[in-house]
Number of protein chains: 2
Amino acid sequence: MDDQQLVKTMHYFFNAVLKLRQDLRQRMQKKLVERGYSDITFEMMQVLYFLRFLAQKGEANQQEIADETGKNKATLTSLITNLLKRDMIERKTNPDNRRNNIIGLSAKGHQFILDLYPDVYKTYDINKIPLSMDDILSLTNTLNTIINS
Amino acid sequence: MDDQQLVKTMHYFFNAVLKLRQDLRQRMQKKLVERGYSDITFEMMQVLYFLRFLAQKGEANQQEIADETGKNKATLTSLITNLLKRDMIERKTNPDNRRNNIIGLSAKGHQFILDLYPDVYKTYDINKIPLSMDDILSLTNTLNTIINS
DNA sequence: GCCAAACAGTTTGAGTTCTAACTATTATTT
DNA sequence: AAATAATAGTTAGAACTCAAACTGTTTGGC
């Protein structure tokens, strides 16, 4: 396979990744609007879902959230600010390490998850995709392998 | 598989897609800086590569570029503005349809592609990934299937 | 031919993203 | 104990992103 072919193959692959991310974002944003959460963005939802389903005890500091969501810590600062404005989270200083902000869901944040769960993650109809849940798990592993290579 | 499991599986999958996109962006941005193109962004490069490798005759209007790169037409307006500032592209009105702006690479844009090609698309070392070129093609198809479902 | 609909692009305003430089706090070295 | 390094978060500035409202241009229906 020559370079021209390689570059095209990788270009198509990268394009597919970028488009899938965009598609995902758009579908979820649409669901949010349908459910009356038009002022909540996809990115804010990422943080809220992380706190509810993946964080230890439902709490994490900003650096941990940044690492787990693949965002920059500076990005987290503004995301957290915007989530606080909307009363979706609570922020407190960790008394054991005053460099850390401990972020957790507010009552409104919990309500949001209850309202949206699990509908949002059914954005793609599994039945219309020729993939099983195991395939999705395997696909996830493949993508993570690429990230870690 | 219960809903809680489904939501987690999909969450991990979505997370992997988002992280891969972020990882891709960061690796490419790093290459750009290494090569002395620190004022060119990943997104600008997307447009330049599209024009060079995928557009008919190396030209396209903004709507076509937006569709093919998965971006919004408003996003394209500012991207095009920034690419013009950097003399990487040329813009002219289509005389046959004055609604269209025809965008093509400038001499500097062509030089950019020559400098970077095909190194940027070797961002990931294929040899370190347990995937063949055929696997990548198949993976691309899988991602596109999901997008189109 | 005229008018409405469709289409391409721009503007506006709010949010997200990043790097680099910065503050504050904690951990490590000497 | 004091100096240094590492860590968590913030700020500033530029760019990207999107929806919605807007301007021009073209197309289609009557």
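All values derive from a computational prediction rather than experimental measurement. So that the names make sense, note that chain A is the first sequence line, chain B the second, and so on, each numbered from 1.
- Relative ring orientation between A/Y49 and B/H11 is described as tilted, the plane-to-plane angle lying within the 30° to 60° band.
- A/V33 and A/F42 fall into different hydrophobic clusters, defined by Ile, Leu, Val, Met, Phe, Trp and Tyr side-chain heavy atoms under 4.5 Å apart, directly or through other members.
- Among B/R25, B/K19, B/R27, the single residue meeting the side chain to side chain donor-acceptor pair (under 3.5 Å) criterion with B/D23 is B/R27.
- Counted by atom type alone, A/D135 and A/S132 present one or more donor-acceptor pairs between their side chains at under 3.5 Å.
- Scanning residues 55-77 of chain A for heavy-atom distances under 4.0 Å to DNA chain C yields A/K71, A/N72, A/A74, A/T75.
- Residue A/R86 has a polar side-chain atom (N or O) positioned under 4.0 Å from OP1 or OP2 of C/dG15.
- Atom-to-atom, NZ of B/K30 to P of C/dT19 comes out at 11 Å; the value is rounded to the nearest Å.
- Atom CG in A/N101 sits about 11 Å away from atom P in D/dT11, given to the nearest Å.
- B/N100 places no side-chain N or O within donor-acceptor distance of the main-chain N or O of B/I102, the cut-off being under 3.5 Å.
- Contact between the side-chain N/O atoms of B/N97 and the OP1/OP2 oxygens of D/dT27 is not found at any separation under 4.0 Å.
- In this structure, the CD atom of A/Q29 is 16 Å from the P atom of C/dA14, given to the nearest Å.
- A salt bridge links B/E59 and B/K92; the closest N-O separation between the charged side-chain nitrogens and carboxylate oxygens is under 4.0 Å.
- Here the side chains of B/L24 and A/L18 are in contact, with some heavy-atom distance below 4.5 Å.
- Residue-to-nucleotide contacts include no donor-acceptor pair under 3.5 Å from the side chain of B/R98 to the base of D/dT25.
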Worked check of side chain to side chain donor-acceptor pair (under 3.5 Å) between B/Q46 and B/K71
CA-CA 11 Å; B/Q46 267 189 275; B/K71 295 181 193 301; 2.9 Å; yes
Stepwise side chain to side chain donor-acceptor pair (under 3.5 Å) test for B/N144 and A/Y12:
CA-CA 10 Å; B/N144 284 325; A/Y12 282 122; over 6 Å; no
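- Whole-Å rounding puts the B/R99 CZ to D/dG28 C1' distance at 12 Å.
- If you check residues 33-48 of chain A against DNA chain C, the residues with a heavy atom closer than 4.0 Å are A/T41, A/E43, A/M44, listed by number.
- Here the P atom of nucleotide C/dA27 and the CG atom of A/D96 are 10 Å apart, to the nearest Å.
- Residue B/N94 has no polar side-chain atom (N or O) positioned under 4.0 Å from OP1 or OP2 of D/dT25.
- Remark: P of D/dA8 and NZ of A/K92 are 18 Å apart, rounded to the nearest angstrom.
- Rounded to whole Å, the distance from CG on A/N82 to P on C/dG15 is 5 Å.
- One finds no side-chain N or O of B/N100 lying less than 4.0 angstrom from the OP1 or OP2 phosphate oxygen of C/dC7.
- Taking every heavy atom of residues 14-27 of chain B and every atom of DNA chain C, pairs under 4.0 Å involve B/Q22, B/R25, B/Q26, by number.
- Residue B/Q56 qualifies as open at atom CD: its count of foreign heavy atoms under 6.0 Å is 12 or below.
- The two residues A/I89 and A/L84 make their nearest non-hydrogen contact at O-CD2, 3.6 Å.
- How far CZ of A/R21 is from CZ of B/F14: 13.5 Å, rounded to the nearest 0.5 Å.
- Whole-Å rounding puts the B/L32 CG to C/dT19 P distance at 12 Å.
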